[in-house]
Amino acid sequence: MTDTNSAPTETDYSATLFLPQTDFPMRAGLPKREPDWLARWEEMDIYAMQREQARDRPKFTLHDGPPYANGNIHIGHALNKTVKDLVSRSMQMMGYNSAYVPGWDCHGLPIEWKIEEQYRAKGLDKNDVPVNEFRQECRTFATKWVDVQRQEFKRLGVLGDWENPYLTMSFDAEATIANELMKVATSGQLYRGSKPVMWSVVERTALAEAEIEYADIESDTIWVKFPVVRGHRDPGEAYVDRRPPTADEINPRLVQDEAFVVIWTTTPWTIPANRAISYSSKISYGLYEITLAPSENWAKTGERYVIADKLATEVFAKAKVQAFQRLDTVSAEELSRIVCAHPLQNLGSGYYFDVPLLDGEHVTDDAGTGFVHTAPGHGLDDFGIWMDSARLLGERGIDTKIPYAVDDAGYYTKDAPGLEGARVIDDSGKKGDANDRVIAALAVRGAMVARGRVKHSYPHSWRSKKPVIFRNTPQWFVYMDRDIAGKAGDTLRSRALNAIDATRFVPGAGQNRLRAMIADRPDWVLSRQRAWGVPISVFVKKHSNDILVDEVVNHRIVEAFAAEGADAWFADDAKERFLQDRHDPADYDMVRDILDVWFDSGSTHAFVLENKQKWPDLKWPASLYLEGSDQHRGWFHSSLLEGCATRGRAPYDAVLTHGFTMDGDGKKMSKSLGNTVAPQDIIKQYGADILRLWVASTDYWEDQRLGKEAIQTTVDNYRKLRNTLRWLLGNIAHYDPADAVGFADMPELERLMLHRLAQARCSGAPGLQ
RNA sequence: UGGCCCGUAGGCUCAGGUGGUUAGAGCGCACGCCUGAUAAGCGUGAGGUCGGUAGUUCGAGUCUACCCGGGCCAACCA
């Protein structure tokens with residue numbers, strides 16, 4: 001037997017066997033081949049084919065939440081869009097007309113910043129450029145990123161109406177958004193109120209928290225005494241009324257003791273705006289008497305101060321007091337009932353009001369006096385406690401209106417009587433004369449205890465590096481608790497809460513989360529002092545807060561926006577153009593603020609789902625909103641309020657949330673930590689299908705981890721899946737229908753397998769709905 | 001600080017209705033088999049006391065409280 005003659009005699013068994021046979025390759029080569037597949041599908045226009053094919057089916061509308069058109073997509077976008085694609089395609093396969101119209105959020109601060117940055121690089125200033133020129137640059141910028149992200153999303157394999165997406169900045173969208181706002185205004189839900197914001201005097205602009213940086217600064221500090229008084233005096237009465245309390249007054253002994261409550265502040269200029277003093281029921285306070293002090297001292301022998309026990313020694317040292325004694329304990333309960341006079345009372349014939357004491361969580365006895373001077377227009381804590389107490393204070397006959405004590409240029413207004421024209425900060429960012437004027441006025445009235453200087457961390461503008469102030473400003477709000485159209489109990493809040501109950505949440509916890517937010521939230525602040533957005537397109541009667549309600553004018557505005565975009569509002573002749581023949585332009589002010597971008601995105605249901613010309617395959621309300629869990633505060637929330645305010649219900653039937661993608665160790669991804677995973681890299685190295693398979697195999701209700709290991713696991717799984725398919729294909733290569741075996745003739749084992757397969761199919765499908 | 005959510009194999013992804021004997025699966029790993037599905041396929045095995053503590057209970061991964069770790073939201077960031 002030799003090699004040469006053995007081979008021909010061997011039987012070629014391979015010809016007698018049904019060996020697996022297929023040209024389905026074992027290796028996918030996804031990064032190379034995926035682009036070809038996508039190109040082919042695009043050429044076939046599969047999306048249009050689907051619409052055609054599903055024209056008569058019931059509609060399933062997954063309404064796309066718009067990503068912000070700013071920068072490349074990250075893993076969060078990839079996860080979100082992939083899950084949407086899985087849902088949308090599944091519903092199409094399950095017999096619905098599942099159209100998917102992607103969209104983008106285009107207005108807003110981050111894009112403004114980018115353009116401003118470019119300006120600064122060129123030595124330009126935003127304020128020197130006509131607003132519509134600036135807006136045009138923002139528009140161009142957004143357009144560019146819409147195109148980039150569109151390509152990235154398509155590369156992910158997401159099927160949708162990519163040639164006809166929605167944009168919050170398209171003219172028809174801007175027109176609808178403005179129209180939605182005017183609906184809110186017309187139904188009496190819009191009002192002008194006030195709110196303190198971070199304000200840069202140098203730049204004459206409001207700042208977002210992200211635009212603030214902290215730096216050390218040396219400030220004047222003062223200790224000021226507020227006399228405890230009877231309260232409820234008539235204007236013009238004595239500076240300090242200490243007549244004994246009458247029977248119906250609940251004023252305590254501190255009046256007869258002629259006591260003072262002492263506060264400490266690093267911002268003397270906020271004293272004119274003081275409306276309350278905050279204390280803490282967790283701190284122990286005492287009544288102290290000065291037994292020895294220099295004769296010319298601000299703090300005089302015989303005066304009695306209420307101070308936190310822990311800080312008394314320090315305060316008296318600052319006040320150059322030589323000796324003092326503790327007379328008594330002052331309880332929190334007693335503090336809650338007393339009232340002080342304002343230390344500037346009488347200045348400019350003003351400051352005749354009661355200064356109540358409020359129990360505040362933010363008060364500590366680490367520094368100061370244990371009492372916090374509270375100017376609701378000039379501090380976040382101050383504003384918070386004041387608003388929280390507003391109802392009770394109102395019942396006590398105290399006016400809870402917050403004064404506009406400082407104007408946009410940093411000057412005192414008439415709300416700071418006797419000090420008008422003094423300045424907090426000047427144009428170069430330096431301290432103005434306000435502090436000195438206040439201190440002098442306090443000293444004249446004997447209200448000063450001590451003064452000093454302190455170095456501390458203080459907010460500065462990111463851009464100018466100059467100090468900023470917290471300043472009360474007029475803003476536009478939507479009522480949460482006012483009856484709509486005069487129907488008792490039919491408020492925005494009650495509508496929204498009902499709508500939440502009527503909505504299906506997946507997972508269910510989202511319902512509680514959103515309900516808690518709606519139940520607690522204050523009125524919606526709609527106004528922003530910015531340039532890139534849809535204007536609050538209303539007119540206000542001069543010297544009043546009355547909003548012009550005129551359907552003809554509103555119609556003109558909508559028509560103009562639809563034709564020219566919202567830039568029409570900022571054109572030179574806009575006021576005359578919209579009011580002509582109807583109202584005297586001289587009688588009205590035009591609101592120059594723009595809308596919160598959340599109102600834009602909250603209105604997408606109006607300009608997308610209801611636009612039958614552009615997207616006939618969509619329906620209102622949406623079947624589903626599907627976003628990350630952060631959107632409880634964002635898009636789910638704003639869409640809910642907008643829908644309830646204008647249509648009485650949520651614009652969606654169901655809400656599905658997914659978690660966030662963490663790094664391989666379960667830590668959040670961030671550029672600064674360098675632990676981000678870019679979807680572009682995965683696609684380049686492994687292919688979009690690996691990313692999609694990872695998304696499909698993860699439990700997206702919760703946060704997911706994505707690291708090297710998770711990717712490798714997915715690659716391995718993909719290979720197994722692929723080989724299983726290859727084996728199946730190989731095995732049916734020789735299949736001849738004539739050989740088919742009837743179900744009844746199958747062996748029991750085979751029947752069991754087919755039964756199991758059918759079961760698996762049934763159990764999978766409902767899970768998607 | 002507050003609201004909501006999450007925490008089960010020495011690596012990863014997850015099962016574990018109304019509390020009940022030795023807590024399951026896949027991937028990975030180790031060892032072995034096969035060599036006409038072969039940059040494949042098959043088998044066997046090791047590995048966890050369930051984030052921590054304290055309770056309730058005859059009995060808790062499963063209930064309660066507190067704590068620790070992580071996440072989302074609490075801002076004119078989206």
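Throughout, a chain's letter reflects where its sequence line sits, starting with A, and its residues are numbered from 1. Small disclaimer: the values here were computed from a predicted structure and weren't measured.
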Worksheet entry | Sugar-phosphate, base or nothing in reach of A/Q529, heavy atoms under 4.0 Å | base

Worksheet entry | B/rA9 versus B/rG61 - spacing of their P atoms, nearest Å | 14 Å

Discussion item. Can you tell me the base-pairing partner of B/rU62? Count Watson-Crick or G-U wobble geometry only, both distances below 3.5 Å, and say none if there is no partner.
Written reply: none

Fill in: Strand partner of B/rU18, provided both Watson-Crick or wobble distances fall under 3.5 Å
none

Worksheet item: Side chain of A/R513: nearest nucleotide among B/rA78, B/rC72, B/rC76?
Response: B/rC72

Worksheet item: Near RNA chain B, which residues from residues 141-153 of chain A have a heavy atom under 4.0 Å away?
Response: none

Fill in: Pairwise C1' distance for B/rU13 and B/rU18, with rounding to whole Å
28 Å

Worksheet item: Which residues pass the side chain to side chain donor-acceptor pair (under 3.5 Å) test with A/W569, sequence neighbours left out?
Response: none

Worksheet item: Looking across every strand, which nucleic acid part, if any, lies under 4.0 Å from A/D105 by heavy atom: base, sugar-phosphate, or nothing?
Response: sugar-phosphate

Discussion item. If you compare every side-chain N and O of A/R726 against the phosphate oxygens of B/rU38 (OP1, OP2), does one of them come in below 4.0 Å?
Written reply: yes

Worksheet item: What distance, rounded to whole Å, do you find between the two C1' atoms, one in B/rC4 and one in B/rA46?
Response: 40 Å

Fill in: With A/D523 via side chain to side chain donor-acceptor pair (under 3.5 Å) - residues at least two apart
A/Y191

Worksheet item: Can you find a heavy atom in the side chain of A/I500 that is under 4.5 Å from one in the side chain of A/Q511?
Response: yes

Discussion item. Using Watson-Crick or G-U wobble geometry with both distances under 3.5 Å, which nucleotide pairs with B/rC4?
Written reply: B/rG71

Worksheet, complete the sentence: Tested for ring pair (Phe, Tyr, Trp, His ring centres under 6.0 Å) against A/F599, the lone hit among A/W476, A/W635, A/W524, A/F477 is A/W524

Discussion item. To check you understand the geometry: which heavy-atom pair defines the closest contact between A/L641 and A/A496, and what is its length?
Written reply: CD2-CB, 4.1 Å

Discussion item. Classify A/W598 by what it touches in the nucleic acid, base, sugar-phosphate, or nothing, heavy-atom distance under 4.0 Å.
Written reply: base

Worksheet item: With both distances kept under 3.5 Å, what pairs with B/rG41, Watson-Crick or G-U wobble?
Response: B/rC33

Worksheet entry | Distance between P atoms of B/rG19 and B/rC63 (Å, rounded) | 9 Å

Worksheet item: A/F599 has an atom CZ; how far is it from atom P of B/rA78, in whole Å?
Response: 17 Å

Item to complete: May I ask you to say what A/Q511 touches in the nucleic acid, namely base, sugar-phosphate or nothing, with a heavy-atom cut-off under 4.0 Å?
Response: nothing

Discussion item. Using the C1' atom as the point on both nucleotides, what is the distance between B/rC34 and B/rU44, in whole Å?
Written reply: 15 Å

Worksheet item: What interatomic distance, in whole Å, is found between C1' of B/rC72 and the corresponding atom of B/rU53?
Response: 27 Å

Item to complete: Check the pair A/Y625, A/H63 against ring-ring contact (aromatic ring centres under 6.0 Å, His included), reporting the backbone distance first and the verdict last.
Response: CA-CA 6 Å; A/Y625 276 31; A/H63 183 32; 5.3 Å; yes

Worksheet entry | B/rA25: pairing nucleotide in any strand, Watson-Crick or G-U under 3.5 angstrom | B/rU13

Worksheet, complete the sentence: Nearest-nucleotide check on RNA chain B, A/N512 vs A/S629; residue mapping nearer the 5' end is A/N512

Response to the item:
The Watson-Crick or G-U wobble partner of B/rC76, with both key distances under 3.5 Å, is none

Discussion item. Please pick, from B/rC76, B/rA40, B/rC73, the nucleotide with the shortest atom-to-atom distance to any side-chain atom of A/R633.
Written reply: B/rC73

Worksheet item: How many Å lie between CZ on A/R515 and P on B/rC5, as a whole number?
Response: 12 Å

Response to the item:
d(A/M590 CE, A/I536 CD1) to nearest 0.5 Å is 12.5 Å

Item to complete: Please measure how far the P atom in B/rC50 lies from the corresponding atom in B/rG24, and state the result in whole Å.
Response: 15 Å

Discussion item. So A/P31 and A/Y686, do their side chains get closer than 4.5 Å, heavy atoms only?
Written reply: no

Worksheet item: Of A/P66 and A/G510, whose nearest nucleotide on RNA chain B comes first from the 5' end?
Response: A/G510

Discussion item. In whole Å, measure the gap between the P atoms of B/rU22 and B/rC66 for me.
Written reply: 31 Å

Fill in: A/I73 CD1 - B/rA78 C1' separation (whole Å)
16 Å

Discussion item. Can you measure A/D630 atom CG to B/rA78 atom P for me and round it to whole angstrom units?
Written reply: 12 Å

Discussion item. Going by side-chain contact (heavy atoms from CB on, under 4.5 Å), A/V478 matches just one of A/V525, A/L181, A/L492. Which one?
Written reply: A/L492

Worksheet item: Taking any strand in view, what nucleotide pairs with B/rU56 in a Watson-Crick or G-U wobble way, both distances under 3.5 Å?
Response: none

Worksheet item: Starting at CH2 of A/W694 and ending at C1' of B/rC12, how long is that distance when rounded to a whole Å?
Response: 13 Å

Item to complete: Mind calculating the distance between CZ (A/R719) and C1' (B/rG26) to the nearest angstrom?
Response: 16 Å

Response to the item:
A/L79 CG to B/rG71 P, in whole Å, measures 17 Å

Practice prompt. Look at the side chain of A/A516 and decide which nucleotide, out of B/rC73, B/rC76, B/rG3, has an atom nearest to it.
Written response: B/rG3

Worksheet item: Taking atom P of B/rA75 as reference, at what distance in whole Å does atom CZ of A/R528 sit?
Response: 11 Å

Item to complete: If the plane angle is over 60° it's perpendicular, under 30° parallel, otherwise tilted; pick one for A/H632 and A/F636.
Response: perpendicular

